> 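Have a look at this one before I ask anything.
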Number of protein chains: 2
Amino acid sequence: MPDTSSCQFEQRPRRLVMGAVGLQPDFCKMCNVRPSSVCSAIDDADISRLSDAAVETIVPPGRCFIEEGEPATDFFNVTSGTVKLFKALPDGRRQITGFAGPGHFLGLAVSDRYAFGAEAVDTVRLCRFSRERMRTLLDDFPRMERRLLEEASNELVAAHNQMLLLGRKTARERVASFLLDQANHGELNSAGQLHLPMTRGDIADYLGLTIETVSRTLSWMRAQGMIDVGKGYAITLLSRERLESLAEGED
Amino acid sequence: MPDTSSCQFEQRPRRLVMGAVGLQPDFCKMCNVRPSSVCSAIDDADISRLSDAAVETIVPPGRCFIEEGEPATDFFNVTSGTVKLFKALPDGRRQITGFAGPGHFLGLAVSDRYAFGAEAVDTVRLCRFSRERMRTLLDDFPRMERRLLEEASNELVAAHNQMLLLGRKTARERVASFLLDQANHGELNSAGQLHLPMTRGDIADYLGLTIETVSRTLSWMRAQGMIDVGKGYAITLLSRERLESLAEGED
DNA sequence: ATGACCCCTTGATATAAATCAATGCAGAGC
DNA sequence: GCTCTGCATTGATTTATATCAAGGGGTCAT
């Protein structure tokens, strides 16, 4: 059962129907509003419609749940875990266009087919809506449309940054940019380590490099004293300053 | 004076105030609605507010009208001509993130600073709004918000395609993809030629290549009989089929 | 006309990153 | 205990593309 502790509806039990389907906390996250402002805008009929619309889904690591080119039936909001989004060429070359963490939307596009594939990096929890119902939700909750526009704008900025990276940065600059992005968006653990849920292959496909180049670059950074590569997927950033100047090509 | 022939308001002259400031046809384009549905939703007070909000701007070729990192005061809708959008690194390396033609929006981002620069490729006509007023326009015309979301979604799809191109395609595949994109989005002239308004340098900065590689690749395609490179910026696609299989790496 | 400038093309060479190859390590299954 | 498999690291070599360099053909101002 989803955590509802951050939402204050203990006094209004009927409202918890939403929580029961995993919708309420996610819906708050989607709309980026306080739960109370969402709930004051809906009535009992809405509740049943919303409950009906959302399904909580759990996807195991490595499982692909959106196939590029398939009919786009669903719309997702990531609740926990990390998803990789990718596009592929017929001969198997693959470009990961982004990693989506908690709060991110998938399947926004206007097209009736998915423009990308999506695969769980680790265990992923999703809030799934049918796109058809999504459309009626948007009519009823105009805030949500604004929220989606905001999200799309942010993704667009990220995409443009990534285009600069892919088109004009060297391997070292790419890896430095990636580590800093990850450190800014994800959280560091208690030891100050950055936990990267994805494999070297995923990083390579995200940065437009090969596995070997990513590995060599990380080794070089370690030799330079910029980072410490721990066991598994943990990395410590020892000199954020040097990584930053490297990432922007100031060297 | 802007062309109003596509809008049917000859019988309601007062409405032409909008056309007088270059707003009305552009506004229709922005909202992607028939002029009548826009105008039925507004009254005289709205007209003066809208007229006030929009300014028609003409930008000469090569003129940069958005500086990356400057405060984002305005919001633009391209009326005619082609704009190049770009991001740059401190040492001068540049990535063109897209070319914006008639109907495209600029300055959508949530941030209070422009995330990219914009420069006119040829003579560009723009409809300019202050972002502050844009916000109130969005409140009054909810259709517009949906239209912007649609636009942003389409741009996101284009950005992801470009990431695949920049990260994983060879020079030949990149140039082939570019030519086909241009042929699909722009119009061919009467001789079946594609007119590219941008220089080889712009194409290179868009495709993550150098001028020399773009030039050599076009020469190679000509030698292969895929294209014909005319005088100036005109190119004829002789075998769209071969270009398509090349663009997707099927060779 | 002349020179300056910009853009494009083509050739020769250099290099960053890919590819090919070998090895090590850790977890899963038997 | 084993082997098998996937992932990561490191080394040797290749290659696609960048860089360096030269020359041609416009256009514009003098």
Side-chain angles (χ1 to χ4, degrees), chain A residues 60-63 84 89 91-96 119 121-122 165-178 195-224 227-235 246 249 251, chain B residues 60-62 84 89 91-96 119 121-122 165-176 178 195-224 227-235 246 249 251:
Chain A
R63 168 72 154 283
K84 56 186 174 197
L89 290 169
D91 65 2
R93 280 175 288 173
R94 211 176 57 151
Q95 178 66 37
I96 292 181
E119 185 180 317
V121 172
D122 44 19
L165 180 148
L166 291 169
R168 291 301 181 210
K169 288 188 181 179
T170 66
R172 286 170 184 180
E173 291 162 359
R174 292 181 200 202
V175 174
S177 300
F178 172 72
H195 176 77
L196 301 177
M198 68 292 288
T199 67
R200 297 284 187 270
D202 288 337
I203 298 172
D205 279 346
Y206 181 55
L207 299 179
L209 300 170
T210 57
I211 293 180
E212 293 94 327
T213 299
V214 171
S215 184
R216 269 187 258 271
T217 305
L218 288 172
S219 297
W220 176 82
M221 287 177 172
R222 188 184 41 194
Q224 296 286 310
I227 63 172
D228 187 44
V229 181
K231 281 279 168 202
Y233 295 95
I235 288 184
L246 178 56
D251 60 329
Chain B
K84 57 186 174 197
L89 290 169
D91 66 2
R93 278 174 289 173
R94 210 174 59 149
Q95 178 66 37
I96 291 182
E119 186 180 316
V121 172
D122 44 18
L165 180 149
L166 292 170
R168 290 299 180 212
K169 288 188 182 177
T170 66
R172 287 171 183 178
E173 290 162 359
R174 292 182 202 204
V175 174
F178 172 72
H195 175 76
L196 301 176
M198 66 294 285
T199 67
R200 297 283 187 272
D202 289 337
I203 298 173
D205 280 347
Y206 180 55
L207 299 179
L209 300 170
T210 58
I211 293 180
E212 294 93 328
T213 299
V214 171
S215 183
R216 268 188 259 270
T217 305
L218 288 172
S219 297
W220 176 84
M221 286 176 171
R222 189 184 40 192
Q224 295 287 311
I227 63 172
D228 188 43
V229 181
K231 283 278 169 204
Y233 295 94
I235 289 184
L246 178 55
D251 60 332

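The sequence lines fix the lettering, A, B, ..., with proteins before strands; numbering per chain opens at 1. On a predicted model such as this, the values are computed, not experimentally measured, just so you know.
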> Heavy atoms only, 4.0 Å cut-off, all strands: where does Ser219(B) land among base, sugar-phosphate and nothing?
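Counting heavy atoms under 4.0 Å across all strands, the contact made by Ser219(B) is with sugar-phosphate only.
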
> From dA17(C), dT19(D), dA8(D), pick the nucleotide closest to the side chain of Thr210(B)?
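Out of dA17(C), dT19(D), dA8(D), the nucleotide with an atom closest to Thr210(B)'s side chain is dT19(D).
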
> Give the rounded distance in Å between these two atoms: CD of Glu173(A) and P of dA16(C).
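About 12 Å, once rounded to whole Å.
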
> Below the 4.0 Å mark, does dC7(D) have OP1 or OP2 next to a side-chain nitrogen or oxygen of Tyr233(A)?
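No, because none of the side-chain N or O atoms of Tyr233(A) sits under 4.0 Å from OP1 or OP2 of dC7(D).
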
> Would you mind telling me which of dT10(D), dA17(C), dC8(C) lies closest to the side-chain atoms of Thr199(B)?
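Nearest to the side chain of Thr199(B) among the choices is dC8(C).
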
> Would you mind reading off the distance between Trp220(A) atom CH2 and dG11(D) atom P, rounded to a whole angstrom?
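Rounded to whole Å, this separation is 16 Å.
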
> Checking all strands, does Gly62(A) fall into the base, sugar-phosphate, or nothing category for heavy-atom contacts under 4.0 angstrom?
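Nothing, no nucleic acid heavy atom in range.
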
> Roughly how many Å is it from CG in Leu207(B) to P in dA16(D), rounded to a whole number?
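So the two atoms are 19 Å apart, to the nearest Å.
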
> For Ile211(B), report the nucleic acid contact type (base, sugar-phosphate, nothing); a contact means any heavy atom under 4.0 Å.
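Touches a base.
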
> Could you state the atom-to-atom distance from CZ of Arg172(B) to P of dA18(D) in whole Å?
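It is 13 Å, rounded to the nearest whole Å.
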
> Between Arg168(A) and Val214(A), name the one whose nearest nucleotide on DNA chain D is closer to the 5' end.
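Looking at the nearest nucleotide for each, Val214(A) comes out on the 5' side.
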
> From the options dA18(D), dG11(C), dA18(C), select the nucleotide whose nearest atom is closest to the side chain of Arg216(B).
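Closest nucleotide among those given: dG11(C).
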
> Heavy atoms from C-beta onward define the side chain here; which of dT10(C), dT19(C), dA8(D) lies closest to that of Glu212(A)?
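Taking heavy atoms from C-beta onward, the closest nucleotide is dT19(C).
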
